[in-house]
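Read through the structure below, which is laid out as C-alpha cells, and then see the notes.
Everything numeric here is computed off the predicted structure, so don't read it as measured data. When a residue number appears, it is its place in the shown sequence, counting from 1. In each ligand, atom 1 is the first atom listed, and ligand 1 is the first ligand listed.
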Amino acid sequence: MPTASSAHRSLLLCLCLCLCIALLSNSAAALPSPRDLRFSVEDIAAVEAALPRRSRASSSKTTFFEVDRPLRPPRGSSGPCSTLLLSHSFAFTLTKPPVTAAYSPPPCLVSGASSVSLAVLEWRAECRGAQYDRTFGVWLGGAEILRGSTAEPRPGGVAWSVSKDVTRYAALLAAGNATLAVYLGNLIDDTYNGVYHANLTLHLYFRPRGGAGARSSPPSAAADAVVPVSRSLPLNDGLWFVVQNATDVQSARVAVPPNAYRAVLEVYVSSHDADEFWYMNTPDQNGPFREVTVLLDGDVVGAVWPFPVIYTGGINPLIWRPITSIGSFNMPTYDIELTPFLGKLLDGEDHELGFAVTNAQRSWYVDANLHLWLDPKSSKTTGGLVAYDAPKLAGSIVSHSADGIDGEYEATASRNITATGWLSSSCGNVTTTFAQRLGFSNTNVVSGHGTAQAINQTTDALTTVTAGAASAQQQVHQSFPLYIFLGGDGSGTSSQRLMRRVEIGFDETRSRGGGAATSTLRNSQAAAAEVTLRDDAVVSASWRMHQTYAFGASDGGCYLRNVSSVGYDVLFDHHDASCAGTTSGR
Ligand SMILES: *[C@@H]1O[C@H](CO)[C@@H](O)[C@H](O)[C@H]1NC(C)=O
Ligand SMILES: *[C@@H]1O[C@H](CO)[C@@H](O)[C@H](O)[C@H]1NC(C)=O
Ligand SMILES: *[C@@H]1O[C@H](CO)[C@@H](O)[C@H](O)[C@H]1NC(C)=O
Ligand SMILES: *[C@@H]1O[C@H](CO)[C@@H](O)[C@H](O)[C@H]1NC(C)=O
Ligand SMILES: *[C@@H]1O[C@H](CO)[C@@H](O)[C@H](O)[C@H]1NC(C)=O
Ligand SMILES: *[C@@H]1O[C@H](CO)[C@@H](O)[C@H](O)[C@H]1NC(C)=O
Ligand SMILES: *[C@@H]1O[C@H](CO)[C@@H](O)[C@H](O)[C@H]1NC(C)=O
C-alpha cells in the first residue's frame, strides 16, 4: 500500500511542476514532462480514500461512458445479425504482436456489402485494479476500423462499451477471409495490475429486399474497396505508423484499381508521450500547434487539424469519471478527398502516401484507409489534375512577459489547400474540387508567479468538395474550442488546493447538395476538479462534469442529451431522440 506521504509527495510534485512552468524562459530544465498532467496510482488511491464511504465502492463495478447518439438502422431494416469477432484478456501486451483472429464474412452477409444498411462494431471491456489508460486499435485486413483509449480502472472494477458505425467498411466486411488484429499495449507490474478483458462484436442490419429501401445506393453509400495505408503484420506494436519528430515522414505505397472514380482518404491520428497534451506545449516544446499533413508522392494534398482528444488519464483522471472525454473511447477520423488526384493514381503504378506531423515531438500514431468507388460499367477510368494550390502553412507565436515567469503567448496558424481535377467514367466527365480552409489560435497565460496556467484554443476547419455542379457540393465545418485551467493556492503552506477546469467542444455542421441537406452537432463538456491537502495528506476531493450533446438533421433525425455528474454519481441525465419537446429522465 502506498503511504499517505508518498501520495502527497507526488501530488506536490505535480503541483509544482505543472504550475511553476517558466513558460517563457529558454531553460529546458524548467519544462514539465507530459506525465505531470497525469496522476500516479498513489495519487488516485489517496484521493479515493478521501472520498465519502458511499462513493468508495471498493467491491462493485463502476460503468464509465462516452456520450454519443445511439445508432439506429434505417426503417425497414432486418437484423441485427451479431457475431463475436474476438474475446481476449490484455495483460502484458506492450511491444508484443497484436492479438489476431481469423475473420470470414458472417453467413448472414451472403448477399454482399450493398445489402448492409448499418454495421456496428461493439467493443465491450472490463478491468479491475490499477492501470493507466492505454490506446488500442482494431484492424481488419490491415485497415484500421476503431481506435480508442481504455478507461482507467478502479479497485472494484470498471466496465465500458463503445458502439461505432462501421458501415463505411462494408466492402471489407463482405470481402473474403482476412485477419482481424487488435493491439492494446498494456503493462503489468507490482503496481499496475489491471488486465483489460475485451469482447469485440459485429452487428449487421440489412436493407429490406425489393422494398423502397432496396433501391439504388444512397449518395453516401460505402466505398467498393478499402485499401489500408498502414504497417503490415507481423510486427510487435500497432499497425499504425509512429511519427517521431517534425521531419519524420512515414509512408506506404498503394495501387489503385484502374476503374476507380472516387477516392477518399480516411486518417486516424492520436498523440502520445511528449505530445500527448500538445496544445499546452511551450515554445521550447515546438509550441502548441500540430497538424498531420498527407503527402502524395511528396506533395501536401490535405491536412488534418485534429480534435484534442484527452485520454481518460489526462489533466486529472477524476474529471473523466464516469463521463469520459469527447472522442476518448471512440476517436474521430478525418477525410481527405483525393478524387482530384485520381488521374495521377490511375497510371497503373504504385504511389507513395505519406504522413508528417508539423512541429511533432514523440509520438504520433497515424495511419489511414483509402476508400475507393469503382465504375461498375467500365474497366478503365481516366482523369487529370486541373489546378492545385497548397501554399505553405502560415503561423506565428508571440510571447509577452515582464518577469520571465508570468506572461502570455499566443500562437496562430492558417492553411489553405485547393485541388481541382477531372475524372471521366461511364457516368461522364466530372470535375471535382477539394478545398480546405484551416485556422487555429491558442493563448497560454501564466499568472500568480507561475502558480496558474490557462490555455484557450480554437481549431476551425472548413472542408468543401464540389463534384460537377455547385448543387452537388458537400461541406464539413468543424470547430473545436478548448479551455484548460490549472491552478491552486496555498503552495508551500499546510493547507493547499489544486484546481483543474476543462471546457471542450466538438461542433460540426455537414451539408450536402449545396445546403439542401444538413446536420449539426454541438457536443460540449464543462468539468472541474478540486483536491484539498492538509498537512501533507489528501483531505477531500471533488469533481463535476456537465455535458450537452445536440444533434439535428434536416431529414428529421435528432438527439439531445443533457447529463451531469458530481463525483462518481450521475446527477441528472435527460435524453430525447424524438426532439418533439418531451424529455425523458433517468
Ligand atoms: C465476453 O464474453 C464472454 C462470453 O460471452 C463473457 O463471459 C464475458 O463476461 C464478456 N466480457 C466482457 C468484458 O463483456
Ligand atoms: C475462409 O475461412 C473459412 C473458415 O476458416 C474456410 O472454411 C474457408 O475455406 C476460407 N475461404 C477461403 C476462400 O479461403
Ligand atoms: C526523426 O525521426 C526519424 C525516424 O525515427 C529519425 O530517423 C530521425 O533521426 C529523427 N530526426 C531528428 C532530427 O531527431
Ligand atoms: C487562406 O484563405 C483565406 C481566405 O479564404 C485568407 O484569409 C488566408 O490568409 C489564407 N491563408 C493562407 C495561409 O494562405
Ligand atoms: C474532361 O474534361 C476536362 C475539362 O473540362 C478536359 O480537359 C478533359 O479532356 C476531359 N476528358 C475527357 C476524357 O473527355
Ligand atoms: C476563450 O476565447 C474565446 C475567444 O476569444 C472566448 O470567447 C472565450 O470566452 C474564452 N474562454 C474562456 C473560458 O475564457
Ligand atoms: C439541462 O438540464 C438542467 C437540469 O434539468 C437544466 O437546468 C438545463 O437548463 C438543461 N440544459 C440544457 C442545455 O437543456
Side-chain angles (χ1 to χ4, degrees), residues 28 61-65 67 82-91 99 101 121-129 131 134 136 138 148 150-151 153 156-163 182 184 186 194-203 231 237 240-252 272-275 285-286 323 329 354-366 503 505 507 520-527 544-552 558-566 569-586:
K61 207 158 53 186
T62 317
T63 298
F64 294 172
F65 59 97
V67 170
S82 301
T83 311
L84 179 67
L85 301 181
L86 183 127
S87 179
H88 191 79
S89 295
F90 295 86
V99 173
L121 186 68
E122 181 190 29
W123 166 275
R124 189 168 279 281
E126 293 173 2
C127 187
R128 181 188 296 267
Q131 194 50 267
R134 306 292 183 185
F136 69 91
V138 178
T150 63
V158 295
W160 84 100
S161 71
V162 33
S163 287
V182 181
L184 187 165
N186 196 24
V195 173
Y196 286 106
H197 306 282
N199 289 349
L200 194 61
T201 308
L202 177 66
H203 304 282
R231 299 196 297 173
D237 194 349
W240 42 56
F241 298 107
V242 180
V243 176
Q244 309 262 10
N245 57 51
T247 53
D248 194 3
V249 178
Q250 295 290 323
S251 65
H272 303 277
D273 309 311
D275 263 1
Q285 300 165 306
N286 297 353
I323 305 173
F329 286 169
F355 307 99
V357 181
T358 302
N359 300 331
Q361 305 185 107
R362 275 187 62 230
S363 308
W364 288 76
Y365 299 170
V366 185
E503 288 171 28
D507 297 335
T520 300
L521 170 65
R522 293 186 72 85
N523 189 5
S524 308
Q525 294 185 312
R544 62 196 146 78
M545 159 69 77
H546 181 223
Q547 182 163 9
T548 54
Y549 182 106
F551 173 79
C558 84
Y559 183 70
L560 298 175
R561 185 133 172 210
N562 175 6
V563 56
S564 204
S565 62
V566 172
D569 300 320
V570 173
L571 207 61
F572 61 80
D573 186 355
H574 305 305
H575 44 95
D576 179 6
S578 71
C579 301
T582 51
T583 300
S584 55
R586 189 177 83 180

Under 3.5 Å side-chain donor-acceptor pair for [X] and [Y]:
X	Y	result
His203	Glu122	yes
Asn186	Arg134	yes
His197	Ser89	yes

If you scan the protein for heavy atoms around [atom], do you find one that is closer than 4.0 Å?
atom	result
atom 1 (C) of ligand 1	yes
atom 14 (O) of ligand 3	yes
atom 5 (O) of ligand 1	no

May I ask you to list the atoms of ligand 1 that are less than 4.0 angstrom from any heavy atom of [X]?
X	value
Asn199	1 (C), 2 (O), 3 (C), 8 (C), 10 (C), 11 (N), 12 (C), 14 (O)
Arg124	13 (C), 14 (O)
His197	13 (C)

Nearest protein heavy-atom contact for atom 10 (C) of ligand 7: which residue, which atom, what distance?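 I find the closest protein heavy atom is Asn562 ND2, 2.3 Å.
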Under 4.0 Å to a heavy atom of His574 - the qualifying atoms of ligand 7, by number: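 Counting atoms of ligand 7 from 1, those under 4.0 Å from His574 are 2 (O), 4 (C), 5 (O).
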Which ligand 7 atoms does Phe572 reach within 4.0 Å, using its non-hydrogen atoms?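 Counting atoms of ligand 7 from 1, those under 4.0 Å from Phe572 are 1 (C), 2 (O), 3 (C), 4 (C).
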Side-chain ion pair, Arg561 and Asp573, N-O less than 4.0 Å: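 Asp573 and Arg561: salt-bridged.
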Gln285 side, atom CD; Asn359 side, atom CG - distance, nearest 0.5 Å: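 So the CD of Gln285 and the CG of Asn359 are separated by 12.0 Å.
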For Asn245, atoms of ligand 3 separated by under 4.0 Å from a heavy atom: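 This gives 1 (C), 2 (O), 3 (C), 8 (C), 10 (C), 11 (N), 12 (C), 14 (O) as the contact atoms.
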If the cut-off is 4.0 Å to any non-hydrogen atom of Gln244, which atoms of ligand 3 fall inside it?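 Those of ligand 3 that fall under 4.0 Å from Gln244 are 2 (O), 5 (O).
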Compute the centroid of each ring, for Trp123 and then for Phe136, and state whether the two points are separated by less than 6.0 Å.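 That pair passes the under 6.0 Å test.
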Angle between ring planes, His88 versus Phe90, binned at 30° and 60°: parallel, tilted or perpendicular?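 The arrangement is perpendicular - the two ring planes meet at more than 60°.
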Can you establish whether the number of heavy atoms outside Arg231 located under 6.0 Å from its atom CZ is more than 12?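 For Arg231, atom CZ is crowded (more than 12 foreign heavy atoms under 6.0 Å).
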Can an N or O of His546 be found at a distance shorter than 3.5 Å from an N or O of ligand 7?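 There is no such contact.
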